[in-house]
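Data first, discussion second: the structure below is written as structure tokens.
Because only heavy atoms are used, hydrogens play no part in the values below, and waters and symmetry mates are left out as well, while side chains stay in.
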Amino acid sequence: MVTPILKNRPQQQQASQALEQAGLHPLMARLLAARGVKDATQIEISWQRLIPPAMLGQAQRAAALLADAIDRRDRMLIIADYDCDGATACAVGLRALRSMGAIVDFLVPNRFETGYGLSPAVVDLALQHVAGKPDLLITVDNGIASLDGVEAAHEAGMQVLITDHHLPGDELPDALAIVNPNQPGCDFPSKNLAGVGVIFYLMLALRAELRQRGVYPANGGPRLDALSDLVALGTVADVVSLDANNRLIVTQGLERMRAGRMQPGLRALFQVAGREPRQASAFDLGFALGPRINAAGRLADMSLGIRCLITDDEQEAADIAQELEDMNQDRRAIENTMREEALQAAEQAEPDTCATVCVYHPDWHQGVVGLVASRLKEKYWRPTLAFAQGDPGEIKGSGRSIPDVHLRDALDLVSKRYPGLILKFGGHAMAAGLTIEEDNYDVFVQAFEEAVQELTGRFQFDPVIETDGSLEPQHATISVAGLIQKQVWGAGFPPPIFRDQFLVRQQRLLKNKHLKLTLEREGNRFDAIWFNRDTLLPDAIEAAYRLDQNEWNGNINVQLIIEFAQGR
């Protein structure tokens with residue numbers, strides 16, 4: 001087990017003072033300033049502050065194409081991705097297009113059969129779709145790399161419109177239009193839109209186009225803000241950076257949930273997850289709702305998750321949500337077994353002497369190896385790849401990395417040094433996937449280790465917990481914990497972690513896996529808990545912790561959630 005290094009986040013005094021003068025609570029001003037917020041306009045959450053859709057490259061062109069297709073009564077088919085971002089993007093596209101008169105259905109690839117994105121195999125499935133041969137394919141959360149798929153669609157007499165947020169390669173598909181903030185020539189200020197954010201923007205542009213054509217009055221047409229709950233879910237679940245624009249979208253979605261105005265499927269997911277929508281947070285979206293949608297794509301077919309998000313029937317939503325809950329329980333059981341086996345395999349490989357961790361078992365489930373890689377990465381703080389069997393003679397790996405190692409660059413180096421060793425790969429800095437021949441596993445493990453050591457010059461990495469320094473005693477209150485809870489935190493905008501010294505007055509293990517504590521600081525006592533900690537602490541500690549509200553038997557108290565602690 002690696003020991004983290006505690007490091008204080010730099011404070012931004014000038015910005016903090018400006019925010020406090022604008023009326024923010026002093027602690028919130030300090031926390032937000034340290035995360036790059038310079039003035040109060042950056043945390044305004046009114047729709048008027050949304051970056052205008054006209055600034056998103058090719059959005060207006062794509063909107064005109066869609067408006068023409070609606071007018072011609074063309075058949076449209078949304079090609080979705082099999083994760084939560086793809087599922088919510090599909091639901092947003094379906095709901096919005098249908099509300100604007102489009103004839104549209106959806107198709108989602110099976111990750112085990114047709115692979116990722118708009119492949120020629122998916123084009124074949126589109127031709128056989130129960131709704132009839134489509135005139136126009138619309139990709140959501142995929143398509144930017146689908147050169148062969150777009151060509152196959154053209155040969156089959158179908159046009160393609162791409163909406164995506166992934167980084168493009170050297171060549172772009174020959175689509176009617178490509179809406180992607182990360183493509184060359186797009187000046188959209190936020191490059192962090194999730195796939196669901198991109199299709200939401202295109203739907204806003206389409207409504208504006210239909211208003212311009214006189215189909216709707218100047219401020220008429222469907223209320224697309226009613227889809228912000230779906231946009232919020234996909235944005236958080238895809239772990240994109242929560243810049244000001246994404247925080248606005250997520251906050252608007254959370255406010256709809258808290259007010260009880262959400263899609264039936266989301267309400268049903270809150271119910272099966274045992275979470276309270278009136279206190280909905282980004283944590284709920286990322287760790288309760290998102291995994292239940294993702295379970296469908298990991299173990300079976302994401303069309304079940306999409307159906308949950310597009311139904312308006314409360315009973316159907318409840319039934320599907322229960323199916324997803326059962327799948328998620330199965331996923332957890334599979335993951336637990338795989339994780340134990342993976343830990344044993346990793347220990348045998350003596351990970352403390354290596355820069356990387358690679359594990360493989362022929363019986364592992366292909367849809368869950370990414371989660372196993374994530375767990376091992378956290379334990380050993382090394383870039384980690386977990387493999388399962390793919391096509392005959394091949395194995396598929398899913399990887400997770402640490403900030404010190406760009407995972408895709410490491411795989412790229414392997415592919416250049418050992419041509420043909422990696423059959424295919426893709427991804428980004430923190431996550432990637434690849435396929436190799438099973439017989440080449442040992443050669444690949446060594447090549448991957450060499451690549452990471454060459455790129456970093458290291459074989460040992462230390463996790464850093466970045467903290468916000470000491471929490472002023474007068475701010476350790478229920479109301480301040482509530483203020484922190486209401487703010488949207490996540491990727492690129494991390495939740496506050498404080499760092500202080502305490503005396504341990506009481507401690508006991510709960511269910512042999514969580515450490516319950518009573519801590520004292522400057523004469524004040526606090527309840528605290530350290531989840532997944534099964535050993536006791538010394539009498540005096542330095543702790544990194546989050547300030548939280550704990551509700552028990554109708555009473556609300558301050559609780560410290562310990563992230564890390566060590567004796568002093």
Side-chain angles (χ1 to χ4, degrees), residues 81-83 109-122 142-149 166-171 173 338 342 345-346 349 351 354-374 376-377 380 382-402 404-459 461:
D81 187 21
Y82 42 67
D83 66 0
N110 184 305
R111 73 194 299 159
F112 312 114
E113 295 170 5
T114 55
Y116 170 75
L118 179 62
S119 62
V122 171
N142 74 89
I144 197 67
S146 300
L147 278 72
D148 294 342
H166 295 99
L167 295 173
D170 296 332
E171 189 180 349
M338 287 170 57
C354 301
T356 62
V357 176
C358 290
V359 289
Y360 163 58
H361 195 292
D363 296 333
W364 284 349
H365 195 293
Q366 201 185 110
V368 185
V369 285
L371 297 174
V372 170
S374 183
L376 264 61
K377 180 263 295 184
Y380 296 110
R382 304 278 195 276
T384 301
L385 293 166
F387 289 85
Q389 286 200 323
D391 292 335
E394 296 178 358
I395 57 176
K396 289 187 174 183
S398 185
R400 300 293 184 269
S401 196
I402 57 177
D404 296 289
V405 181
H406 193 297
L407 188 53
R408 192 192 178 283
D409 285 357
L411 295 175
D412 190 48
L413 182 58
V414 172
S415 72
K416 288 184 169 78
R417 289 279 165 79
Y418 297 84
L421 179 60
I422 301 178
L423 301 177
K424 58 185 175 185
F425 72 98
H428 49 82
M430 301 300 283
L434 73 158
T435 302
I436 63 174
E437 291 179 3
E438 186 174 13
D439 291 345
N440 288 337
Y441 175 71
D442 291 335
V443 177
F444 171 81
V445 170
Q446 186 58 39
F448 182 55
E449 174 72 19
E450 290 169 4
V452 169
Q453 289 205 33
E454 182 173 333
L455 286 172
T456 63
R458 299 159 63 189
F459 69 88
F461 307 95

To the nearest 0.5 Å, how far apart are [atom1] in [X] and [atom2] in [Y]?
X      : Y      : atom1 : atom2 : result
Thr356 : Leu376 : OG1   : CG    : 11.5 Å
Phe448 : Ile422 : CZ    : CD1   : 9.0 Å
Thr456 : Asp409 : OG1   : CG    : 12.0 Å
Arg408 : Leu434 : CZ    : CG    : 12.0 Å
Phe461 : Ile402 : CZ    : CD1   : 5.0 Å

Test ring-ring contact (aromatic ring centres under 6.0 Å, His included) applied to His365 - qualifying residues, sequence neighbours left out
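His365: ring-ring contact (aromatic ring centres under 6.0 Å, His included) contacts with Phe112.
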Going by the rule side chain to side chain contact (heavy atoms under 4.5 Å, CB included), which residues pair with Ser119 if we only count those two or more places apart in sequence or in a different chain?
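Result, side chain to side chain contact (heavy atoms under 4.5 Å, CB included) vs Ser119: Thr114, Ala121, Val122.
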Residues forming a side chain to side chain contact (heavy atoms under 4.5 Å, CB included) with His166, sequence neighbours excluded
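Expected list: Tyr116, Asp141, Ile144, Asp164.
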Residue list, side-chain hydrogen bond (donor to acceptor under 3.5 Å, both in side chains) with Gln366, at least two apart or on another chain:
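Result, side-chain hydrogen bond (donor to acceptor under 3.5 Å, both in side chains) vs Gln366: none returned.
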Not counting sequence neighbours, which residues clear side-chain hydrogen bond (donor to acceptor under 3.5 Å, both in side chains) with Ser146? List them please.
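Here no residue qualifies.
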Could you tell me which non-hydrogen atom of Val452 sits nearest to which non-hydrogen atom of Ala355, and how far apart they are?
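So the minimum-distance heavy-atom pair works out to CG1-CB, 3.9 Å.
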Where at least one partner belongs to residues 414-425, residue pairs that pass side chain to side chain donor-acceptor pair (under 3.5 Å), sequence neighbours excluded
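Matches after skipping sequence neighbours: Asp412-Lys416, Arg417-Glu454, Tyr418-Glu450.
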Please table the atom pairs, donor to acceptor, closer than 3.5 Å between any side-chain atom in residues 435-447 and protein atoms at least two apart or in another chain.
| unit_1 | atom_1 | unit_2 | atom_2 | d |
| --- | --- | --- | --- | --- |
| Glu438 | OE2 | Tyr360 | OH | 2.6 |
| Tyr441 | OH | Cys358 | O | 3.3 |
| Tyr441 | OH | Val359 | N | 3.4 |

Donor-acceptor pairs under 3.5 Å, side chain of residues 383-398 to any protein atom, not counting sequence neighbours: which ones?
| unit_1 | atom_1 | unit_2 | atom_2 | d |
| --- | --- | --- | --- | --- |
| Thr384 | OG1 | Arg382 | O | 2.9 |
| Ser398 | OG | Arg400 | NH1 | 3.2 |

